[in-house]
Amino acid sequence: MPGSHCTKDIQKNINGSTSAALPSTSPATTLTELYPLMAHTDRQSDHDKPQVDKKEKDPEQATGPTNLQKARARFLKGVSYFSGDMEVFGKWMQKQFFLLQLLDWVLRGAAQVMFVNNPLSGLIIFAGLILQNYWWALNGFVGTLFATISALILQQNRGAIAAGLYGYNGILVGLLMAVFSNAGDWYWWLLLPNIFMSMMCPIVSSALASINSRWDLPVFTLPFNILVCLHMVATGHYNHHFPQVLIQPRSELPNITWADIDVAKLFMSVPVGIGQVYGCDNPWTGGIFIISLFISSPITCAHAVLGSAVGMVSGLALAAPFGDIYFGLWGYNCVLACIAIGGMFYALTWQVHLLAITCAFFCAYLGSAIANIMSSFGLPACTWPFCLSALTFLLITTGTKRIFKLPLAKVTYPEKNLGFFWKLKKQEKMEKAEKERIEKEEQLDALREVVILSEKEQLRLKLEKIEEVRPMNEASEAENDETKIKNHEQQSTKEETRQNTPTDDTLADYV
Amino acid sequence: MPGSHCTKDIQKNINGSTSAALPSTSPATTLTELYPLMAHTDRQSDHDKPQVDKKEKDPEQATGPTNLQKARARFLKGVSYFSGDMEVFGKWMQKQFFLLQLLDWVLRGAAQVMFVNNPLSGLIIFAGLILQNYWWALNGFVGTLFATISALILQQNRGAIAAGLYGYNGILVGLLMAVFSNAGDWYWWLLLPNIFMSMMCPIVSSALASINSRWDLPVFTLPFNILVCLHMVATGHYNHHFPQVLIQPRSELPNITWADIDVAKLFMSVPVGIGQVYGCDNPWTGGIFIISLFISSPITCAHAVLGSAVGMVSGLALAAPFGDIYFGLWGYNCVLACIAIGGMFYALTWQVHLLAITCAFFCAYLGSAIANIMSSFGLPACTWPFCLSALTFLLITTGTKRIFKLPLAKVTYPEKNLGFFWKLKKQEKMEKAEKERIEKEEQLDALREVVILSEKEQLRLKLEKIEEVRPMNEASEAENDETKIKNHEQQSTKEETRQNTPTDDTLADYV
Amino acid sequence: MPGSHCTKDIQKNINGSTSAALPSTSPATTLTELYPLMAHTDRQSDHDKPQVDKKEKDPEQATGPTNLQKARARFLKGVSYFSGDMEVFGKWMQKQFFLLQLLDWVLRGAAQVMFVNNPLSGLIIFAGLILQNYWWALNGFVGTLFATISALILQQNRGAIAAGLYGYNGILVGLLMAVFSNAGDWYWWLLLPNIFMSMMCPIVSSALASINSRWDLPVFTLPFNILVCLHMVATGHYNHHFPQVLIQPRSELPNITWADIDVAKLFMSVPVGIGQVYGCDNPWTGGIFIISLFISSPITCAHAVLGSAVGMVSGLALAAPFGDIYFGLWGYNCVLACIAIGGMFYALTWQVHLLAITCAFFCAYLGSAIANIMSSFGLPACTWPFCLSALTFLLITTGTKRIFKLPLAKVTYPEKNLGFFWKLKKQEKMEKAEKERIEKEEQLDALREVVILSEKEQLRLKLEKIEEVRPMNEASEAENDETKIKNHEQQSTKEETRQNTPTDDTLADYV
């Protein structure tokens, strides 16, 4: 879901007024292309820990380092083919049949909900959805497909479409319209508003990107939130064609007995919370989603789990009904907020890690607030809390360099972002060192010059002394060229010199 | 309602940060002044179809072309006096008595609700309002008048005031405050908040323009929406001074029997929908409004009817109660949205036409959603759905050149906008052709140069050959000036040359 | 509360796109430092009226002007030490122990709610709060303290922190969370969400400043509004841990009998309205707040009282229940809006004064509207009406120079702002005068040159006449230098001149 398309699209935006924002985008794309190796090494070091046993490595490194290193390099190269954003696969796909390409984009779109640009993750996510509910999975697929097609019709940025950035709102629109429909599964008429709303996604995305790009912000799932809320509130619970499930505000004190708490269910709420990002309450589906995240980016995966746990704790702190917590309603927004802040749009440092946790707590609070407000209109909270809290935290400006917001066009996935951040820091350090070196050299040069000058001065003084002596000698060896010429002229006829010397002087003035 | 004042006002806005946006505005006004002729021809071609019979034209063109052409030109010139934005009349008005000018501005303001800058249309619209309800018409007039006066007091842009851009929110505020008042007609106290809110219009317009102009967007009827909702919710249904009609959210399934549908009323809902833009439910009033639109701009008129029809269809699709559809509540927002997108702020191509229809459907959906939400607060939907949907569709960025958003300062009326777009395209094409021509010429020049160079080379070779022969001849014709001079100097006295030549050499160095 | 930190923070904001807005900030801070003297004189002239008796002054000025003037200067210097923004004290504080500094910042933060940057005012305000309720005062103190600490942790702008700009949202969050808690006083658990929300203040402030600074607008109390509403709606009335007071929308006609009106209570509502800015309904507390305002800035104080009165009148006009008016609910937003527009962010002229009163009326209207909407969610209006109305009025652009919006970085307090405005006007006038002077001089110079030229011309003509005569005279007196030299050369040997003159000519060409 990193909205790199925002900054690209904006180039065709209203003329003027964004001229300052543009230069950062063009070099960005080239830069991201330049650092794949570094990013690979980052990813490798992350994959190392769980997959390569340290005990084996150390002794074998002594005996056969070349063999093992080769094997390891081969293994890591293999891993790089299906982890991260599967760049190699994406490039290979560009030469394939259009429908295959479209499938790739749809799968990437499905995974982009979690900020993952990886078709394999998308495939696993679809598997999880099918495990949950066939009808929902179908609606999600239709949504992603038509959102992508609509983006193609509207001639949006091809790179953004290929990264699935126009699909993720579509899958959410399709899924959640099916989830919140009160007409039951396999109510085929639902596909009509589903297709219409999915096709509206790129329009709303493009419009929001025009606004958000002014602050270099992504659009997140705002189009989905807007469109699903639009559909739900336009039809409402009391509708003949497209009735929605009945959601009502709380009007009495919920019955909370702390003795009744079910710790197993509480722990289960962590994967359920991750599943609820796609509206799924099946813990296995949530578990499958965790795997799909891990394949692409372990940092994303860790923050997802952390966010869900934070949401659960917040729910307990704010005395939420246990049912809501078990159902993962307190987790899914925090999952997304924690991923977004923790390494996706900020370069991961431990300060950013703390910020991500703060954001998750804030998001949980906001989630409760928005859910209460929306219920007055018969609406669910959708992912409004995540969008608003993440946008707030991305708008912060601080004096510390440890909280570094990546330019939107350079956002890829946490490991690669980190690589970019390190590269930038190294570059800065080198530039600083270079500057210092130059300064030192300049100082040395200045010193040398002083030395030379003083030597010259001494020579000149010597010369003067000699010249003082000269009138007596009349033919000293230290005479310079000018004086030679003068002497030569003195040797010529007296009349001519009187005429010529003033001409020489005048010339010297004109020089 | 084209908010050209937005970009003009912004020049006095916060210093800095909009510097890039400004240059486009100053040439804009001059450009719009330059293309009246072309715009006239566009308008003419549109007026042709319904008014000049093609059968007559063809034979007569053969027999007496000069006579007919003259008559036609005279007729078209006559049409141009009261269609479009009545530029000639507006310029004539500038020299009139102030109160007459004010009346012109008020009439233009009344028509600007429909994006029409035409006092005749405004007069017809007032006639329609009087047909509907005397009290409402009075309130509308008071609203327009005081909004315009307030804009004059606040020293807003004179051109914008003269185009009625500060009046259209005033007429809506005045009208709708009277329509939604529960105190009955001729409750004279209502004029007090009416005047206050009308005078707030330019303030809110100016503030919103400061924001929207950053994206080169007009303010549409947002000031009206804000101020009427403000008044209604501030007083509410339960108020002693200014009670509002009671609006409550739907809380049960509406009774919809498809057999009961009244097709005549359904068709009548199209003009009623256009009338509802001004809060009028009389189909004759709606019909009068259609005429007033046709006078100024047939494209606007066509899109208004189309929008109203789309709204009606959407209402049926979303299972709305028939009463609402008959009453035109599903139409009026779509009317405005369809006009705004279909030729007013985009240059009309068939892609834009499709976009306008999509926007109308989206607007109908949004209208239902907003009406449901607003009813929770006892508020009507006003024209919020139109504003939000049109702004969304104006913020889109696409890769296709066929969807061309006009710079806000160049927006006039669809026919003239189209002329501007064609002119721009023609210019581009000519520039391209010119570029190609220059490139060709440059190629030719390069070729010629090569030929000349080769000729020179041959000459030089010839020369060299001759010079080789010279030493034998001792007095060849190919000797240049320098050698002549040298020879001349050689012929002068030997002593002088020894002195003078070094001076000459030095001089040559100084040159 | 003047958000000068907004423009300072933004420098570290998203790269590009604000480059144009920046240059105005850097010279701003230096400029504000340069005019303290002028500001002091302004302040003095304001303090004169109530404290120095004019009758005494006039006779004594005649008898002992030096003595009285000295005493007066000493007195005014003394006043300047604790009025205004207590700059001298602030500078002295910079060298003190950190905890003392923190206390200074907390006190300034408490006063910044009313746009007053003065620790003495803050101290008096805390006294007023303690008079109202110990528990509320404690919560307010905790809120201010933790908001300031959080800003320090997030490395926000030190100058802004020292001015209390990160504290004022904290005190409001702390106070109002205590005021609206339904758990009763001394419910210690409340401090937990209090501290969390206070620490969120700088984050939300920083995020909002990133947006608002694009229009050079302050964030006002928006962070407080957002965070308190967030807390209240997230927990709600039906919550085990943090229950809120029950607020419900009006559902029947209030019982208003104009005979029952209590004029004394109506007058008392003016100080109560000022007290309600901090959520206090005690008129004595309100009175203390008025004193604290007067100490720092009499203009602010006058507008606060005026705003509260306007709110009271608006309440009567819109038929509000008398209880609400007596309780100050109609006043507090108008107080803040009237202060903000009347001299704080605009330079005070009588046009701006009228604008401030208009804004106060608009704010009262908006207050009623927002209170009705928020009550649907069980929320109070907070200071949303003030924020929205003041932001609207700050976004206005007008053609008149009498409504001058100060650059955000130069906002201090009304008297000093006025000094800045006068200085600017004087500078403009001087520049204009200077320009005129230069133009006049240029005209004179041009005239003189013409005269000289004509004189030269005449001389030349004379010369020519003489030269015509010369061939006959052979030694005229009117020969100029060149001819003299030539003559001189003519007198030298003929051979030499033949050689030298060509060299001279060539040299003249090279010059």
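This is a predicted model, so every value here is computed, not measured. Convention: sequence-line order gives letters A, B, ...; per-chain numbering from 1.
B:Ile153 does not touch chain C: none of its heavy atoms, backbone or side chain, sits under 4.5 Å away. Using a 4.5 Å cut-off between heavy atoms, C:Leu354 makes no contact with chain B at all.
The aromatic rings of C:Trp258 and C:Phe322 stand perpendicular to each other, their planes meeting at an angle above 60°, with 30° marking the opposite boundary.
No donor-acceptor distance shorter than 3.5 angstrom exists from the side chain of B:Gln94 to the backbone of B:Gln101, with no hydrogens or angles considered. For B:Tyr168 (side chain) and B:Phe220 (main-chain N/O), a donor-acceptor pair under 3.5 Å exists by modelled atom type. Side-chain atoms of C:Trp215 come within 3.5 Å of backbone atoms of B:Ser210 as a donor-acceptor pair (strictly under, hydrogens ignored).
In terms of heavy-atom pairs under 4.5 angstrom with chain C, the leader among B:Met232, B:Met199, B:Met197 is B:Met197. With chain B as the partner, the residue from C:Pro249, C:Ala364, C:Ser251 showing the most heavy-atom pairs under 4.5 Å is C:Ser251.
Using non-hydrogen atoms only and a strict 4.5 Å limit, the part of residues 365-377 of chain C facing chain B consists of C:Tyr365, C:Leu366, C:Ser368, C:Ala369, C:Asn372, C:Ile373, C:Ser376, C:Phe377.
Taking C:His237 as the reference, nothing meets the side chain to side chain donor-acceptor pair (under 3.5 Å) condition, with sequence neighbours excluded. The side chain to side chain contact (heavy atoms under 4.5 Å, CB included) check on C:Ala320 picks up C:Ile325, C:Trp330, with sequence neighbours excluded. Under the side chain to side chain donor-acceptor pair (under 3.5 Å) criterion, B:Asn194 pairs with B:Asn139, B:Ser198, sequence neighbours left out.
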